[in-house]
Undergrad: 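One structure follows; several queries about it will come next.
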Amino acid sequence: MATIVPRVFSGMQPTGNLHLGNYLGAMINWIHMQDTHECIYCVVDMHAITVWQDPKELRRAILDVTAAYLACGLDPRKSIIFNQSQVAEHAELAWILGCVARIGWLNRMTQFKEKAGKDKEAASVGLYTYPVLMAADIVGYRATHVPVGEDQKQHLELARDIANKFNLDYADAIKAAGFADGVFLVPPEPYITGPATRVMSLRDGTKKMSKSDPSDLSRLNLTDDADTIARKVRKAKTDTEPLPTAAEGLKGRPEADNLTGIYAALAGESVDKVLAQYGGGQFSVFKNALADLAVAKLGPVGEETKRLQADPAYVERVLREGSERARAIAAPIMRQAREIVGFIVS
Ligand code: AMP
Ligand code: TRP
């Protein structure tokens with residue numbers, strides 16, 4: 001009963017297009033892990049509404065992100081693919097975990113500070129407790145590995161702290177429920193790896209590539225067509241020096257660092273190898289090569305996303321079936337959680 005099985009959980013918010021940062025920072029690992037692990041991939045629609053979303057647009061965005069998941073190579077025969085709000089256990093467990101987490105812990109979350117901006121009083125309560133829901137997403141499946149980009153590291157540390165505190169606070173009840181090792185909620189391991197765990201904006205190498213950046217030129221969207229990709233790469237900010245011939249030469253040159261990192265990640269090569277080929281040469285030559293590579297890698301994903309967007313019935317079916325499978329895992333864990341906390345479960 002208490003054995004811990006390796007299990008992967010991760011999610012993305014349905015707020016706008018997926019971009020190269022999502023792809024290189026997280027999705028590439030998600031795809032690979034399907035062949036080695038039991039994987040659960042979520043479209044976190046409940047996280048999306050922590051900032052205002054127009055209902056019609058949200059509904060479309062959920063289908064679009066799911067279409068992008070499938071187009072990137074997530075396979076519903078291998079993985080569970082679903083949207084968060086269809087499995088009520090996420091919200092229910094989040095309540096309990098919200099009573100375990102401390103306000104001081106949440107006050108340290110840098111993403112809240114960034115997203116809430118200057119007027120914190122006006123941010124939604126949901127935006128503040130966002131990382132508690134994220135912890136519930138993960139520990140509610142007793143997931144062991146969470147592939148994400150670098151920006152989610154702090155949230156994962158919080159999820160570990162919450163799981164550990166729950167196990168301590170309820171240690172006696174957890175033992176009585178048959179967990180001899182005292183581990184009911186499994187502290188998840190972040191899986192943050194790959195050559196581009198933090199992809200930066202094409203307009204400013206010191207800012208993260210993000211769907212909330214007002215400039216569309218700052219990111220490569222997975223649905224951009226070939227001309228748009230090529231134009232954005234050509235317009236990407238660079239400095240005036242030629243590319244260095246080795247990775248140390250990228251220090252203090254954020255744009256050069258970012259573009260070579262992107263190239264290396266897309267090509268599956270090391271940065272040194274990329275610089276051995278393009279170092280010393282002009283940026284324009286490298287940018288043409290990068291544009292061709294990005295078009296070759298992202299073009300087919302965009303095409304397949306568009307094909308799936310034209311078949312919403314299929315995408316909805318994937319989410320429905322995925323939700324049923326997710327619920328089958330989450331429901332018995334939630335039932336145990338209720339018992340451990342001392343609720344009457346009849
Ligand atoms: P989000 O779009 O915020 O829901 O993020 C979904 C996933 O993509 C998370 O694992 C993020 O860490 C990852 N991610 C988002 N932006 C970037 C970026 N610029 N570089 C690397 N990973 C990213
Ligand atoms: N907070 C994550 C992000 O913005 C999305 C997310 C929600 C998530 N729940 C999760 C990621 C659980 C991993 C596991 O990127």
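Whatever order the structure lists them in is the order used to number ligands and atoms, beginning at 1.
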Undergrad: Is it true that the side chains of Asp216 and Asn221 contain a donor and an acceptor less than 3.5 Å apart?
TA: yes
Undergrad: Tell me whether Val148 has any N or O atom under 3.5 angstrom from an N or O of ligand 1.
TA: no
Undergrad: Look at the aromatic rings of His90 and Phe82 and report parallel, tilted or perpendicular, splitting at 30° and 60°.
TA: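 Rings of His90 and Phe82: tilted, 30 to 60°.
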Undergrad: Decide side-chain contact (heavy atoms from CB on, under 4.5 Å) for Glu316 and Leu63; before the verdict, give the C-alpha distance in whole Å, the side-chain angles of both, and the deciding distance to 0.1 Å.
TA: CA-CA 7 Å; Glu316 278 181 40; Leu63 295 175; 3.6 Å; yes
Undergrad: Starting from atom 4 (O) of ligand 1, find the nearest protein heavy-atom neighbour and note its residue, name and distance.
TA: Gln13 N, 2.9 Å
Undergrad: Scan side-chain atoms only and decide if Gln154 and Thr110 contain a donor-acceptor pair under the 3.5 Å cut-off.
TA: yes
Undergrad: Please tabulate, for the side chains in residues 191-201, all donor-acceptor contacts under 3.5 angstrom to protein atoms that are two or more places apart in sequence or on a different chain.
TA:
| unit_1 | atom_1 | unit_2 | atom_2 | d |
| --- | --- | --- | --- | --- |
| Ser201 | OG | Arg203 | N | 2.9 |
| Ser201 | OG | Asp204 | N | 3.2 |

Undergrad: Strictly by modelled atom types, are Gln34 and Ser79 linked by a side-chain donor-acceptor pair under 3.5 Å?
TA: yes
Undergrad: Could you check atom 23 (C) of ligand 1 against the protein and tell me its nearest heavy-atom contact, residue, atom and distance included?
TA: Gly21 O, 3.4 Å
Undergrad: Side chain, backbone, both or neither: which part of Arg198 has a heavy atom under 4.0 Å from ligand 1?
TA: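 The part of Arg198 near ligand 1 is the backbone, not the side chain.
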Undergrad: Closer than 4.0 Å to some heavy atom of Gln152 - which atoms of ligand 1 meet that?
TA: 12 (O)
Undergrad: What class does the angle between the rings of Phe286 and Tyr263 fall in, given that below 30° is parallel, 30 to 60° is tilted and above 60° is perpendicular?
TA: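 Ring orientation of Phe286 relative to Tyr263: tilted.
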Undergrad: I'd like to check which ligand 1 atoms, numbered from 1 as shown, lie under 4.0 Å from a non-hydrogen atom of Met209.
TA: 16 (N), 18 (C), 19 (N)
Undergrad: Given Trp30, which of Tyr69, Tyr23, Phe9 fulfils the ring pair (Phe, Tyr, Trp, His ring centres under 6.0 Å) condition?
TA: Tyr69
Undergrad: Just by distance, do the side chain of Ser218 and the backbone of Pro214 share a donor-acceptor pair under 3.5 Å?
TA: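 No, Ser218 side chain to Pro214 backbone: no donor-acceptor pair under 3.5 Å.
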Undergrad: Tell me whether His47 reaches ligand 1 (any heavy atom closer than 4.0 angstrom to a ligand atom).
TA: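 The answer is no: ligand 1 sits nowhere under 4.0 Å from a heavy atom of His47.
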Undergrad: Assign the ring pair His155 / Tyr130 to parallel, tilted or perpendicular, where the plane angle (0 to 90°) is split at 30° and 60°.
TA: tilted
Undergrad: If only atom types and distance count, is the side chain of Lys175 paired as donor or acceptor with the main-chain N or O of Ala180 below 3.5 Å?
TA: no
Undergrad: I would like to know whether Leu70 and Glu304 meet side-chain contact (heavy atoms from CB on, under 4.5 Å); could you show each step before the answer?
TA: CA-CA 8 Å; Leu70 299 170; Glu304 181 63 3; over 6 Å; no
Undergrad: Please compare Asp213, Thr197, Asn22 and report which has the shortest non-hydrogen distance to atom 1 (P) of ligand 1.
TA: Asn22
Undergrad: Can you tell me which portion of Val44 lies within the under-4.0 Å heavy-atom range of ligand 1? Options are side chain, backbone, both, or neither.
TA: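 Neither; nothing of Val44 gets under 4.0 Å from ligand 1.
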Undergrad: Relative to the heavy atoms of Gly25, which atoms of ligand 1 are at a distance of less than 4.0 Å?
TA: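 With Gly25 as reference, the close atoms of ligand 1 come out as 21 (C), 22 (N).
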Undergrad: Can you tell me the protein heavy atom closest to atom 20 (N) of ligand 1 and the distance?
TA: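 Minimum-distance protein heavy atom for atom 20 (N) of ligand 1 reads Val199 N, 2.8 Å.
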Undergrad: With nothing but distance in play, are any N or O atoms of Met200 less than 3.5 Å from an N or O of ligand 1?
TA: no
Undergrad: For ligand 1, is there an atom lying under 4.0 Å from some heavy atom of Lys211?
TA: yes
Undergrad: Tell me yes or no: between the side chains of Asp225 and Thr228, is some donor less than 3.5 Å from an acceptor?
TA: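 Result is yes, a qualifying pair exists.
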Undergrad: One residue to check: His19. Relative to ligand 1, which of side chain, backbone, both or neither has a non-hydrogen atom less than 4.0 Å away?
TA: side chain
Undergrad: Which protein residues have a heavy atom closer than 4.0 Å to any atom of ligand 2, listed by chain and number?
TA: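 For ligand 2, the contacting residues are Phe9, Ser10, Gly11, Gln13, Val44, His47, Tyr130, Met134, Asp137, Ile138, Val146, Val148, Gln152.
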Undergrad: Looking only at protein heavy atoms, identify the closest one to atom 10 (O) of ligand 1 and say how far it is in Å.
TA: Gly149 N, 3.1 Å
Undergrad: Out of all atoms in ligand 1, which are within 4.0 Å of some heavy atom of Ala26? Include the element for each.
TA: 10 (O)
Undergrad: Tell me the protein heavy atom at minimum distance from atom 11 (C) of ligand 1, and give that distance in Å.
TA: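 Answer for atom 11 (C) of ligand 1: Asp151 OD1, 3.3 Å.
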Undergrad: Distance only, no hydrogens: is a donor on one side chain within 3.5 Å (strictly under) of an acceptor on the other, for Glu255 and Asn258?
TA: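 No donor-acceptor contact under 3.5 Å links the two side chains.
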